[in-house]
Amino acid sequence: MRILLVEDEKKIASFIKRGLTEQHYTVDVAGDGDEGLYLAQINPYDLMVLDIMLPGRDGFAVCRELRQQNNEMPILMLTARDDVQDKVYGLDSGADDYLTKPFAFDEFLARVRVLLRRNQGQKSTLHKVADLELDQISRTVTRAGTPIDLTATEYALLEYLMIHAGQVVTRTMISEHVWHQDFDSFSNVINVYVNYVRKKVDAEYPKKLIHSVRGRGYMVKE
Ligand code: CA
């Protein structure tokens, strides 16, 4: 899952980015409202975390502009002020949720998960394909009950495939939702990582679950 964080205070931005990255999310950071708006227009993010007080366009203006352009990406607003008017104005600008700084990071992560699930139309955080299970809360993967140890990138890739189980996931989708902005989708990095994941998930089992779809991409299915 790929998240755009728009936050001008460098310390807070790096704190949030580090916390999200530890949870295996891919994070791009914009330091002001105009850059945030630009990045949101050119990349298909799964979620935006948007500070209100920003140089250039503020968070309200960024949010309104995106909604006017029919961009329906979930937006979680952050503010330093615990002010009811701000919350009302933020939600009326088109934000999906609202959190006051300073916040407990666990609560922040829970709200991020809710918005991502809602966006994917999924209610469950547990994904099952045959005997392969992925738990988005504990970030654990098991096959036939045996834990599988994945790196951050391998997990992010498998999570994306599992959320879209039964659907073709193209290389473009993977490069846009699993990797960073500067990722080169023409390199063979995706193939390399799919092979790493296959080795861990499929190699020892007769029934293969990660399939290549010729000329299109990959699919996880029974
Ligand atoms: Ca700020």
Side-chain angles (χ1 to χ4, degrees), residues 1-120 122 125 136-137 139 152-153 155-156 159-160 175-183:
M1 295 291 111
R2 187 171 171 198
I3 296 174
L4 174 61
L5 169 63
V6 188
E7 168 64 80
D8 58 314
E9 284 163 76
K10 288 209 166 66
K11 268 190 182 163
I12 296 176
S14 74
F15 170 74
I16 295 177
K17 180 178 179 174
R18 192 169 61 235
L20 287 171
T21 306
E22 278 170 8
Q23 298 295 313
H24 303 193
Y25 296 113
T26 302
V27 184
D28 292 336
V29 179
D32 62 57
D34 295 337
E35 189 191 359
L37 184 60
Y38 172 71
L39 288 176
Q41 286 166 335
I42 62 166
N43 297 310
Y45 292 101
D46 299 294
L47 173 77
M48 182 186 228
V49 177
L50 178 62
D51 188 32
I52 290 178
M53 301 294 282
L54 294 165
R57 275 191 188 80
D58 68 8
F60 298 126
V62 171
C63 196
R64 272 197 312 274
E65 182 69 31
L66 286 169
R67 294 316 188 213
Q68 272 163 17
Q69 296 169 2
N70 295 318
N71 188 320
E72 291 177 354
M73 160 181 56
I75 297 177
L76 171 58
M77 269 195 176
L78 302 179
T79 183
R81 286 184 297 181
D82 189 10
D83 180 338
V84 173
Q85 262 328 100
D86 258 19
K87 291 182 193 175
V88 170
Y89 198 47
L91 294 169
D92 283 346
S93 303
D96 298 276
D97 199 2
Y98 198 102
L99 203 54
T100 306
K101 292 191 263 186
F103 47 78
F105 205 74
D106 282 346
E107 183 185 356
F108 170 76
L109 288 176
R111 286 172 189 264
V112 164
R113 286 194 296 267
V114 167
L115 291 178
L116 289 172
R117 281 206 300 281
R118 199 187 289 165
N119 193 35
Q120 305 283 345
Q122 56 164 120
T125 54
Q136 288 185 287
I137 306 289
R139 306 221 151 227
T153 306
Y155 175 87
E159 183 190 67
Y160 194 75
S175 72
E176 286 176 345
H177 292 273
V178 179
W179 267 274
H180 285 277
Q181 196 193 339
D182 47 12
F183 172 74

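Order of listing sets the numbers, starting from 1, for every ligand and every atom in it. This one's a predicted model, so the numbers in the text were calculated from it and none came from an experiment.
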Evaluate the ring planes of H177 and Y160, with Trp represented by its six-membered ring, and classify them as parallel (under 30°), tilted (30 to 60°) or perpendicular (over 60°).
parallel
Classify the ring geometry between Y155 and H24 as parallel (under 30°), tilted (30 to 60°) or perpendicular (over 60°).
perpendicular
Any salt bridge linking D32 with K10? Criterion: basic side-chain nitrogen under 4.0 Å from a carboxylate oxygen.
no
Salt bridge or not between E22 and R139? Use side-chain N to carboxylate O under 4.0 Å.
no
Counterpart residues, side chain to side chain donor-acceptor pair (under 3.5 Å), relative to Y98 (two or more places apart)
none
Atoms of type N/O/S from protein, distance to the Ca ion (ligand 1) below 3.0 Å
3
Residue pair Y45 / D28, side-chain donor-acceptor N/O under 3.5 Å:
yes
